[in-house]
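First the structure, in the form of structure tokens, and then the observations on it.
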Number of protein chains: 2
Amino acid sequence: MSNKKVPESTISRLFLYLREITELAKINIKTISSSELGDRTNLGDAQVRKDLGYFGQFGVTGAGYSIADLKKSLEKILGKDKKWNVALIGTGHLGTALLAYSGFGRHELDIVAAFDADAKKIGKKFGDITVRPISELEKLTKEKNITLSIIAVPAAEAQGVAETIIKAGIECILNFAPVSLNVPEGVKVRNVDFSRELEILSYFAANKGNGRETLK
Amino acid sequence: MSNKKVPESTISRLFLYLREITELAKINIKTISSSELGDRTNLGDAQVRKDLGYFGQFGVTGAGYSIADLKKSLEKILGKDKKWNVALIGTGHLGTALLAYSGFGRHELDIVAAFDADAKKIGKKFGDITVRPISELEKLTKEKNITLSIIAVPAAEAQGVAETIIKAGIECILNFAPVSLNVPEGVKVRNVDFSRELEILSYFAANKGNGRETLK
DNA sequence: AAATGTGAATTATTTCACAGCC
DNA sequence: GGCTGTGAAATAATTCACATTT
């Protein structure tokens, strides 16, 4: 196992591999090679091996990987063997869609509390989750052992909400608001910005085969 | 202007810059330097200049960039000066949240048609959009000049839907389903996978300060 | 024979650093 | 003096290629 810094893209792909072999395990397939796994995830075989290599040696030379073993190892590495509680802030269209998702089992990531600034929404129920005022975030974070948060509020409010989240002691934020959040060292933010994703596609649509080829 | 291949990450950041200077233009600010723009987007000044440099020379040495000019240039480069029509496939929780978003003006990207496989949903109205059967996708694509598509269906159906989209002549897909789509050369796919994003955060939560530092 | 694990080579991206201009 | 534009340097990520193991 190497001791080098693990690229974030590697982590992202490991979840992809895990997802894939979880499907394969269901249909009782026992082993897989790096090139098969690469094909299934649209990646190269060397990429698969290098990614796994950051964390240890999981394969058998000449034979590939045992799906059961690799699955267990990846779950351990990726923190899938523990349950992570999530706070959702913002219960507009997107927030409620996320709540509905979270309801669908299958995830080990559970939204356990929802918050909103809008007084009209406080007290609303989604399944067994009741919407609460943001002022209660800190209290609930302690009570429910919350470690992850989702920001699903309008752009103008996102920075303020982020600060409240951090004050409550949560250090990981999934931000759906289209703004660049400013957070202190040690706080981890990931952005999901689908209007930007769609815009990027429109760039490709606008530049199809005009010689400045960014497509690959 | 360089003639080198433009990294996709550059395109992504250009939209960030454009978003920022659009805000500044509103409050009547006239010029900005690369380092100010970098600060506002949490990027370095050299990164800003290099990104812009792929497309031309927009600044004035010693004085920075004219916001009005840069805004116009970026809109042109990024295809924001044209309107791009979008087809949405899948009108579950997520799909309807996206429809609601699209309704909110401000975007030049318009969902102009929505499709679903579920007979019970056909005919439903969201604002001025009526849900249609997927069999009509190709017809509507021609009629409404659709160039972009959004897949918001369950994972198991995503590949089939992608093939239908491509057959209809659409070459850009924003895929929300948690699967790796297989598409022919020339078709551009971007994936938005928020359960994976949340999982990645959980990895960081699981590995906070354990020596294998992937955080930066 | 097949397929891993991993250094080395390659390619891509970011950051530096500074000449040149306003 | 401040700031752009851009080669060069540094860093990061991917891909190659092969010795090694079963």
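Each chain gets a letter, A, B and so on, in the order its sequence line appears, and its residues count up from 1.
- As rounded to whole Å, 11 Å separates atom C1' of dT14(D) from atom CG of L43(A).
- Taking all atoms of both residues into account, the shortest heavy-atom contact from T147(A) to I170(A) is O-CG2, 3.3 Å.
- For D51(B) and dT15(C), the CG to P distance is 10 Å, given to the nearest whole Å.
- The phosphate of dT14(D) has OP1 or OP2 within less than 4.0 Å of a side-chain N or O from R13(A).
- Residue T61(A) places its side chain closer to dT21(D) than to any other of dT21(D), dT14(C), dG7(C).
- Residue contacts shown for G59(A) are limited to sugar-phosphate atoms, with no base heavy atom under 4.0 Å away.
- Taking side-chain N and O atoms only, S9(B) has a distance below 4.0 Å to OP1 or OP2 of dT14(C).
- To the nearest angstrom, P of dA3(C) lies 16 Å from CG of L52(A).
- Rounded to whole Å, atom P of dT4(C) lies 12 Å from atom OH of Y17(A).
- Minimum atom distance to the side chain of S34(A) is reached by dT4(C), of the listed dA13(D), dT4(C), dG20(C).
- K50(A) has its NZ atom 11 Å from the C1' atom of dA9(C), to the nearest Å.
- Per the geometry, CG belonging to D45(B) stands 10 Å off P belonging to dC3(D), to the nearest Å.
- A salt bridge does not link E23(A) to R19(A): none of the charged nitrogens lies less than 4.0 Å from a carboxylate oxygen.
- Projected onto DNA chain D by closest heavy-atom contact, A46(A) and E36(B) fall at different nucleotides, the more 5' of which corresponds to E36(B).
- S35(A) comes within contact range of no nucleotide atom at all, as no heavy-atom separation falls under 4.0 Å.
- Taking only side-chain nitrogens and oxygens, R49(A) comes nearer than 4.0 Å to OP1 or OP2 of dT4(C).
- Just one of L52(B), T31(B), L37(B) meets the side chain to side chain contact (heavy atoms under 4.5 Å, CB included) condition when paired with Y65(B); it is L52(B).
- Whole-Å rounding puts the F58(B) CZ to dC22(C) P distance at 18 Å.
- When all heavy atoms of D51(B) and T10(B) are compared, the pair lying nearest together is OD1-OG1, 2.8 Å.
- For the residue pair S12(B) / R196(A), a side-chain donor-acceptor distance below 3.5 Å is found, with atom types taken as modelled.
- For dT15(C), the OP1/OP2 oxygens have a side-chain nitrogen or oxygen of Q47(B) closer than 4.0 Å.
- Among the heavy atoms of the strands lying under 4.0 Å from G64(A) are primed sugar atoms or P, OP1, OP2 only; no base atom is included.
- Looking at the side chain of P7(A), the nearest of the listed nucleotides dT20(D), dG5(C), dA13(D) is dA13(D).
- Proximity of Q57(B) to the phosphate of dT6(D): a side-chain N or O atom is located under 4.0 Å from OP1 or OP2.
- We find that OH of Y54(A) is positioned 13 Å from C1' of dG7(C), with the value rounded to whole Å.
- If you check the side chains of N28(B) and K26(B), you find no donor sitting under 3.5 Å from an acceptor.
- Of the listed nucleotides (dT4(D), dA3(C), dT13(C)), dA3(C) has the atom at the smallest distance from the side chain of S33(A).
- Residue Y65(B) places at least one side-chain N or O under 4.0 Å from the OP1 or OP2 atom of dG5(D).
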